[in-house]
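These notes are about the structure you will find just below.
Counting starts at 1 for both ligands and their atoms, following the listed order.
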Amino acid sequence: MGTETSILLPSATVDLFLRDRETVEAAKALTSDWRFARVVVRVHEGNVEDAIKLYAHAASPEIIMIETDTTDQGFIGRLGELSGHCSEHTSAIVIGPVNDVNLYRSLTAMGVSDYLVRPVPIETLSEVIAQSLIEKLGTTGSRLIAMVGAKGGVGVSALAQVLAWGTSDTLLQKTLLLDAAGAWSSLCVGIGFEPVASTAEAIKAVVAKDADSLRRMLYQANDRLTVLATGTESMLDVPSQIGQFEEILNTVMASYPIVIVDLSSAGPLLKKTVLTRAHETMVVTTPTLASLRTARALMLEIKNLHGGDSADIDLIVNMAGISPGKEVSKADIKEALSCEPGAIIPFDPKLFIGAENEGRKISSEKSGVDVVQKLLPLVKKIVVKEVPSDAANDKKSGSILDRFKKK
Ligand SMILES: Nc1ncnc2c1ncn2[C@@H]1O[C@H](COP(=O)(O)OP(=O)(O)O)[C@@H](O)[C@H]1O
Ligand SMILES: [Mg+2]
């Protein structure tokens, strides 16, 4: 696998029209390749005629792969017909029966981006698709969300879990939730798993590129939500490798579109590392004076880490209503912190402590869904959008079927 394609591929759809059994199996296996987490691979048992029928009515995807038994003028004519039904942003790759340099040359000269000989092994198939998508759409990466508290007990861990269920269940994004608290983490209670490693062991595994060990440290909470099941160290240990924590981020961000880090009980070094790199930071506070004061100072420090840019630093006011009459009003918060809270979440012990005690996810209740809905817009604004086809096409060459049309 080329290192330049060892990345999470951008969101895209690939349609394959195949008959060769081996190639069909290879195509189906693409879905278990982590790089393809955001790529929809549709395998149609068919040929160029089926493709023509489909795109006469439906929009064409980023890549079409067509298997053919013949490579004569008849087939070339049908490819021309197909191109008439496709968007000019669609790339075509042909899989044929023979290795023929002249055929390869004439097809690529016409705008077909590649010609492969069947059966196509999975390594070739995945590499050709990966290269083509990166060329077309660029290497859009995953998004890091940092959640940090103005002080302890303001609800960072609770909200990090709510958010992780939301991004996985509602936004349907493959999400990794990471608690940087070591043995102080309560994530295992909220999600319901046993820690199997220490943070130091996780760092060791990623530094050694030991994918098997790392895989054993991951707990699958649902189809799309994975948790790094750390926390076996003793509470008063100071992990010597903590400076290398970023290696964990580097590794997991290559395979998860969304990575959420709960910094509520992390030390300053780790907080700084993650906050510097985060695409979105949520500073959680209660609506009380002491907490808001720290929130203000913390937000300023994070803004400085981001070169003075505060666009992706949001204030989350949690437990609104916890001390009626003694809370700072929304208007005063806005004035004192020079920002509108990104979300205000009511104090609701029945919901939060209830879910915690019974090991339920908060979003399984209506009032919990409301909390998810309040937080999700802050993620949606940073989730990678698909590159508009026009912008993608500007940079492209050798992959445009519409050259057929000009012939
Ligand atoms: N909006 C809320 N209403 C009621 N209880 C809450 C709320 N948010 C969090 N909690 C509860 O407050 C306690 C502390 O929250 P936690 O997430 O552990 O804080 P932190 O991680 O910031 O230290 C937990 O028992 C949690 O369930
Ligand atoms: Mg916590």
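Scanning all protein heavy atoms for the shortest distance to atom 18 (O) of ligand 1 gives Ser157 CB, 4.1 Å. Scanning all protein heavy atoms for the shortest distance to atom 24 (C) of ligand 1 gives Glu356 OE2, 3.3 Å. Protein heavy atom nearest atom 14 (C) of ligand 1, with residue, atom name and distance: Gly153 O, 3.8 Å. Protein heavy atom closest to atom 10 (N) of ligand 1, with residue, atom name and distance, is Met319 CE, 3.7 Å. Among protein heavy atoms, the minimum distance from atom 15 (O) of ligand 1 is reached at Gly155 CA, 3.5 Å. When only non-hydrogen protein atoms are considered, atom 22 (O) of ligand 1 lies nearest to Val156 N, 2.8 Å.
Other residues, nucleotides and ligands contribute more than 12 heavy atoms inside 6.0 Å of the CZ atom of Arg360. Shown here is Gln220, whose CD atom has more than 12 heavy atoms of other residues, nucleotides or ligands within 6.0 Å. Within a 6.0 Å sphere centred on CZ of Arg277, other residues, nucleotides and ligands contribute more than 12 heavy atoms.
Here Ser265 has no heavy atoms under 4.0 Å from ligand 1, in either its backbone or its side chain. Of the heavy atoms in Asn318, only side-chain atoms (C-beta onward) come closer than 4.0 Å to ligand 1. Proximity of Ser264 to ligand 1, defined as any heavy-atom pair under 4.0 Å, is confined to the side chain (atoms from C-beta onward).
Classification of the Phe17-His44 ring pair by plane angle, with boundaries at 30° and 60°, yields parallel.
Under a 4.0 angstrom heavy-atom cut-off, Pro349 registers as being in contact with ligand 1. Ser186 does not count as a contact of ligand 1, since none of its heavy atoms falls under 4.0 Å from the ligand.
There is a protein heavy atom less than 4.0 angstrom from atom 2 (C) of ligand 1.
With hydrogens and angles disregarded, a donor-acceptor distance shorter than 3.5 Å links the side chain of Thr31 to the backbone of Lys28. For Lys374 (side chain) and Ile344 (main-chain N/O), a donor-acceptor pair under 3.5 Å exists by modelled atom type. Judged purely by atom type and a 3.5 angstrom limit, Thr68 has no side-chain atom pairing as donor or acceptor with the backbone of Gly96. Panel note: side chain Asp169, backbone Gly166; no donor-acceptor pair is recorded below 3.5 Å. Under a 3.5 Å cut-off, the side chain of His306 and the backbone N or O of Leu275 do form a donor-acceptor pair. Under a 3.5 Å cut-off, the side chain of Thr23 and the backbone N or O of Val120 do form a donor-acceptor pair.
The atoms of ligand 1 that sit less than 4.0 Å from any heavy atom of Ala158 are 9 (C), 17 (O). Each of the following atoms of ligand 1 lies closer than 4.0 Å to a heavy atom of Ile353: 11 (C), 25 (O), 27 (O). With ligand atoms numbered from 1 in the order given, ligand 1 contributes 2 (C), 3 (N), 4 (C) to contacts under 4.0 Å with heavy atoms of Asp348.
The existence of a salt bridge linking Lys272 and Glu301 is excluded, since no basic side-chain nitrogen approaches an acidic carboxylate oxygen closer than 4.0 Å.
For the pair Pro346 and ligand 1, the shortest N or O to N or O distance falls below 3.5 Å.
Taking each of Trp184, Phe352, Phe347 in turn, the one with a heavy atom nearest to atom 7 (C) of ligand 1 proves to be Phe352.
Residues Lys271 and Ser264 come closest through the heavy atom pair NZ-O, 4.2 Å.
The Mg ion (ligand 2) has an N, O or S atom of Ser264 inside 2.8 Å of it. Residue Ser157 counts as close to the Mg ion (ligand 2), with an N, O or S atom under 2.8 Å.
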